[in-house]
2 protein chains.
Amino acid sequence: MSTRSPRSRHPEAPRQATIRDVARAARVSVATVSRALNDSGPVRDDTRRRVRDAADNLRFTPHGGARSLITSRTNTLGVLLPDLYGEFFSEIIRGIDRSAQRAGYQLLLSSARNAHDEVHGAFRAMYGRVDGLVLMAPDVELAELFAQHRDGTPIVFINSPVTSEDARVITIDNHGGAYQMVKHLVRKGHQRIAIIRGAESNHDAAERLRGYRDALDDGGLPRDPRLEFHGDFTETAGYRAGRAALKLQPHPTAIFAANDAMAIGALSALREEGVAVPGAIAVAGFDDIPIARYVSPPLSSVHVPIAQLGERAMDLLLGAIVGPDHGAARRVVLPTTLVIRKSSP
Amino acid sequence: MSTRSPRSRHPEAPRQATIRDVARAARVSVATVSRALNDSGPVRDDTRRRVRDAADNLRFTPHGGARSLITSRTNTLGVLLPDLYGEFFSEIIRGIDRSAQRAGYQLLLSSARNAHDEVHGAFRAMYGRVDGLVLMAPDVELAELFAQHRDGTPIVFINSPVTSEDARVITIDNHGGAYQMVKHLVRKGHQRIAIIRGAESNHDAAERLRGYRDALDDGGLPRDPRLEFHGDFTETAGYRAGRAALKLQPHPTAIFAANDAMAIGALSALREEGVAVPGAIAVAGFDDIPIARYVSPPLSSVHVPIAQLGERAMDLLLGAIVGPDHGAARRVVLPTTLVIRKSSP
DNA sequence: TTGTAAGCGTTATCAT
DNA sequence: ATGATAACGCTTACAA
């Protein structure tokens with residue numbers, strides 16, 4: 001029984017139909033099938049119908065590879081992200097997907113922690129299968145690497161420190177957002193404002209730190225290295241920093257976390273220690289991820305249009321693909337806005 | 001100036017090198033290049049070196065489409081998800097990506113709200129460009145549709161009510177998880193336990209509802225339709241249900257939300273109304289998304305190994321691709337575990 | 001309006 | 001160990 005003909009049990013795997021099968025069934029040439037199915041040339045109505053029927057019957061789906069070989073278009077866009085963790089990324093992918101779907105493109109997704117080789121590998125693996133690439137590399141060195149890697153495939157960078165003049169790059173106003181938030185805290189009378197920083201090599205993190213420092217300077221407050229806690233954008237890091245902040249004598253009266261995940265981790269630490277927020281310590285984050293308004297107390301944050309960031313990046317890319325985007329902006333900076341909630345009224 | 005030779009300004013787009021260019025540069029035939037680069041045949045060491053150097057110099061990257069045309073493998077796997085919203089999906093994509101990356105596969109990602117046409121379209125768009133497909137369709141009808149759609153491409157369903165015997169499907173123990181959580185609430189003495197349901201057509205939601213009802217029955221508590229609030233897995237829906245629950249006289253003493261996002265929305269509503277959690281009302285969720293432990297009070301939940309769900313699905317798929325997976329399980333049910341935190345001690 | 005055939009870039013088969 | 005060359009499935013001149 002196990003040695004019966006392979007097709008005996010299930011009439012499965014009935015070799016995917018090719019354009020030739022359709023042509024034969026519709027009794028026309030493959031060229032006509034192609035024309036009929038793609039509306040790419042004159043075909044008589046009844047012929048077209050016959051072809052369409054045959055294609056449907058055979059469940060014909062054109063082989064993308066073969067097609068892209070001749071058209072040199074893949075209808076696919078590559079997305080390379082540093083990691084896929086947390087709500088920030090689900091939001092940005094959402095935005096990217098929305099825009100791509102609207103334009104009829106598929107998405108080839110890859111993540112690469114910031115090891116050079118890994119990114120390079122992912123990039124090579126994508127090459128030839130994508131018409132363009134959205135790359136998020138907040139890590140400095142990567143951006144440099146790719147700014148040079150130009151071989152026709154349009155690239156759009158998200159939140160990446162790319163210096164090259166003609167690179168297409170979309171960023172958010174990291175410095176401005178951080179500056180405004182810390183300024184707000186200063187205005188509320190806070191004298192000791194701590195920051196939970198992002199990873200050293202991360203460009204966004206660096207900019208937010210700069211905004212924090214500038215706001216302190218402008219507010220006439222001294223910089224204090226002990227108030228600058230290290231972090232890496234995870235809840236755990238925020239939690240640790242939160243605990244560390246409490247050990248300080250006197251402890252800060254406000255904590256600005258470089259992203260919401262860390263702010264939420266810090267909130268959790270403070271709650272555990274019975275510290276009132278915002279009563280004893282005010283807390284603020286950055287990104288305004290969807291969940292920020294639902295934590296307790298609701299988290300003040302710097303609103304970043306995350307989904308829009310992905311969407312705009314995609315639009316930029318699509319613009320570069322359809323034609324030479326001479327007029328189009330190559331550098332877009334999305335504004336951020338302050339969202340004050342109960343965690344730092 | 002604008003009418004100069006197209007290549008005058010930037011030496012850009014230097015036509016991507018093909019295997020022929022490499023062959024010419026290394027002064028060998030294309031066959032040898034292929035063998036050298038893929039280790040797919042005998043090549044003298046120095047020849048190999050010469051070829052590799054030439055390939056590097058020309059920044060040669062093989063054209064995926066051409067390759068897949070002849071090998072009939074794409075090294076790409078399709079992922080079709082119902083939506084990309086929230087931490088649940090970022091986690092599941094993470095798991096999928098991890099497993100795929102390990103096996104050297106690329107990911108073609110698509111989302112489709114549950115309109116039949118949309119899913120069908122996404123599927124067709126993927127066909128021929130993927131070696132296999134992971135499909136999440138908690139919507140009943142979709143699963144039916146795809147169970148029939150068998151043409152060789154292996155499919156693995158996640159959390160989908162597929163009845164077909166030989167379909168590969170991986171699910172979590174929705175009923176058991178919900179049952180345990182509600183049982184826990186019953187044991188704690190709650191008499192009026194509300195549920196915030198998921199969407200009607202959603203299979204997970206239906207199973208969780210069933211678990212809730214069975215636990216009530218077994219606990220000797222009456223079912224009360226007024227305690228079954230509608231929802232759709234979003235924070236907003238949870239928020240609304242939370243408010244609605246407070247209007248009830250007497251109001252429930254515990255709320256079980258069919259997922260964490262809704263539980264968090266409900267928490268937020270209760271907080272706004274100054275209702276103590278768990279003092280006045282206990283709250284529990286489902287999924288145990290990473291952020292659950294960080295909300296306030298920390299959320300009790302039914303832990304689902306989300307990333308693992310994606311990872312296992314991928315493994316199942318990879319197994320089906322490499323060879324006929326006769327021995328392998330076609331149905332996997334991942335267990336859930338209770339995580340009791342402060343929101344329902 | 002339709003058909004024939006060349007060619008896209010790669011791998012695989014067969015000579016050499 | 002290497003080289004010609006025939007596929008793979010499709011689109012697109014060009015011919016009819």
Side-chain angles (χ1 to χ4, degrees), chain A residues 15-52 54-55 58-76 124-131 151-153, chain B residues 15-52 54-55 58-76 124-131 151-153:
Chain A
R15 191 181 61 69
Q16 168 64 6
T18 77
I19 199 175
R20 300 250 268 261
D21 300 321
V22 178
R24 201 172 310 127
R27 315 211 284 155
V28 293
S29 72
V30 293
T32 301
V33 174
S34 178
R35 282 187 289 253
L37 261 29
N38 302 322
D39 289 314
S40 60
V43 181
R44 260 178 33 213
D45 270 1
D46 63 320
T47 312
R48 187 192 319 279
R49 213 175 353 260
R50 213 153 23 105
V51 170
R52 293 242 160 104
L58 295 168
R59 285 204 170 73
F60 169 70
T61 317
H63 187 290
R67 183 180 254 168
S68 86
L69 197 50
I70 179 87
T71 60
S72 69
R73 293 194 40 209
T74 61
N75 256 292
T76 303
R124 290 192 53 138
M126 283 192 174
Y127 193 91
R129 4 191 77 171
V130 299
D131 297 336
D151 34 1
T153 307
Chain B
R15 191 179 62 70
Q16 167 65 6
T18 76
I19 199 174
R20 300 249 268 259
D21 300 320
V22 178
R24 201 172 310 127
R27 317 212 280 156
V28 293
S29 72
V30 292
T32 300
V33 174
S34 179
R35 279 188 290 255
L37 262 29
N38 301 321
D39 289 316
S40 60
V43 181
R44 257 175 38 209
D45 270 0
D46 62 320
T47 313
R48 186 192 320 280
R49 213 174 353 258
R50 212 153 24 104
V51 170
R52 293 243 160 102
L58 295 168
R59 285 205 169 71
F60 169 70
T61 316
H63 188 288
R67 186 180 252 170
S68 87
L69 196 51
I70 181 83
T71 60
S72 69
R73 294 193 40 208
T74 62
N75 256 291
T76 303
R124 291 193 54 141
M126 282 192 174
Y127 194 92
R129 4 189 78 172
V130 298
D131 297 337
D151 33 5
T153 308

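A, B, ... follow the sequence lines: proteins, then strands. Residue 1 opens every chain.
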What is the distance, rounded to the nearest whole Å, between atom CG of A/Asn38 and atom C1' of D/dT12?
11 Å
Show, in sequence, the C-alpha distance, side-chain angles and deciding distance for A/Asn75 and B/Arg129, and conclude whether the side chain to side chain donor-acceptor pair (under 3.5 Å) test is met.
CA-CA 11 Å; A/Asn75 256 292; B/Arg129 4 189 78 172; over 6 Å; no
Specify the separation, in whole Å, of atom CZ of B/Arg24 and atom P of D/dA4.
13 Å
Measure from the side-chain N and O atoms of B/Thr71 to the backbone N and O of B/Arg67, and report whether any donor-acceptor pair falls under 3.5 Å.
yes
Is there a side-chain contact between B/Ser34 and the phosphate of C/dT10, meaning an N or O under 4.0 Å from OP1 or OP2?
no
In plain terms, say whether B/Arg49 and B/Asp46 are close enough for a salt bridge, that is, a side-chain N and a carboxylate O under 4.0 Å apart.
no
Taking only the side-chain heavy atoms of B/Ala66 (C-beta and beyond), determine which of C/dC8, C/dG9, C/dG3 contains the nearest atom.
C/dG9
Any side-chain N or O of B/Thr18 below 4.0 angstrom from OP1/OP2 of C/dG9?
no
Take atom NE2 of A/His63 and atom P of D/dT11, then tell me their distance rounded to the nearest Å.
12 Å
Residue A/Ile70, side-chain heavy atoms: nucleotide from D/dG3, C/dC8, C/dT11 that is nearest
C/dC8
State whether A/Arg52 and A/Asp45 are salt-bridged, where the test is any N-O pair (Lys NZ or Arg NE/NH1/NH2 against Asp/Glu carboxylate O) under 4.0 Å.
no
Whole angstroms only, please: what is the CZ-C1' distance between B/Arg44 and D/dG3?
14 Å
CG of B/Asp39 versus P of C/dT11: gap in Å, rounded?
12 Å
Between atom CZ in B/Arg67 and atom P in D/dA7, what is the gap in whole Å?
22 Å
Sub-3.5 Å donor-acceptor pair from the side chain of A/Asp21 to the main-chain atoms of A/Thr18, do we have one?
yes
B/Leu37 has an atom CG; how far is it from atom C1' of C/dA12, in whole Å?
16 Å
Proximal nucleotide (of C/dT11, C/dC8, C/dT1) relative to the A/Pro42 side chain:
C/dT1
Counting side-chain heavy atoms from CB outward, which of C/dT2, D/dC8, C/dT4 is closest to B/Leu69?
D/dC8
Among the nucleotides C/dT11, D/dT11, C/dT2, which one has an atom lying closest to any side-chain atom of A/Thr71?
D/dT11
5' priority, DNA chain C, between B/Ile19 and B/Arg35 [closest heavy atom]
B/Ile19
Is the phosphate of C/dT2 approached by A/Ser29 (side-chain N or O, under 4.0 Å from OP1 or OP2)?
no
Side-chain N or O of B/Thr47 closer than 4.0 Å to phosphate OP1/OP2 of D/dT2:
yes
Ranking A/Asp46 and A/Val30 by the position along DNA chain C of their nearest nucleotide, the one closer to 5' is A/Asp46
If you only use heavy atoms from C-beta on, which nucleotide in D/dC10, C/dG3, C/dT10 is closest to the side chain of B/Pro62?
C/dT10
note: B/Asp21, atom CG; C/dG9, atom C1'; distance rounded to Å ~ 11 Å
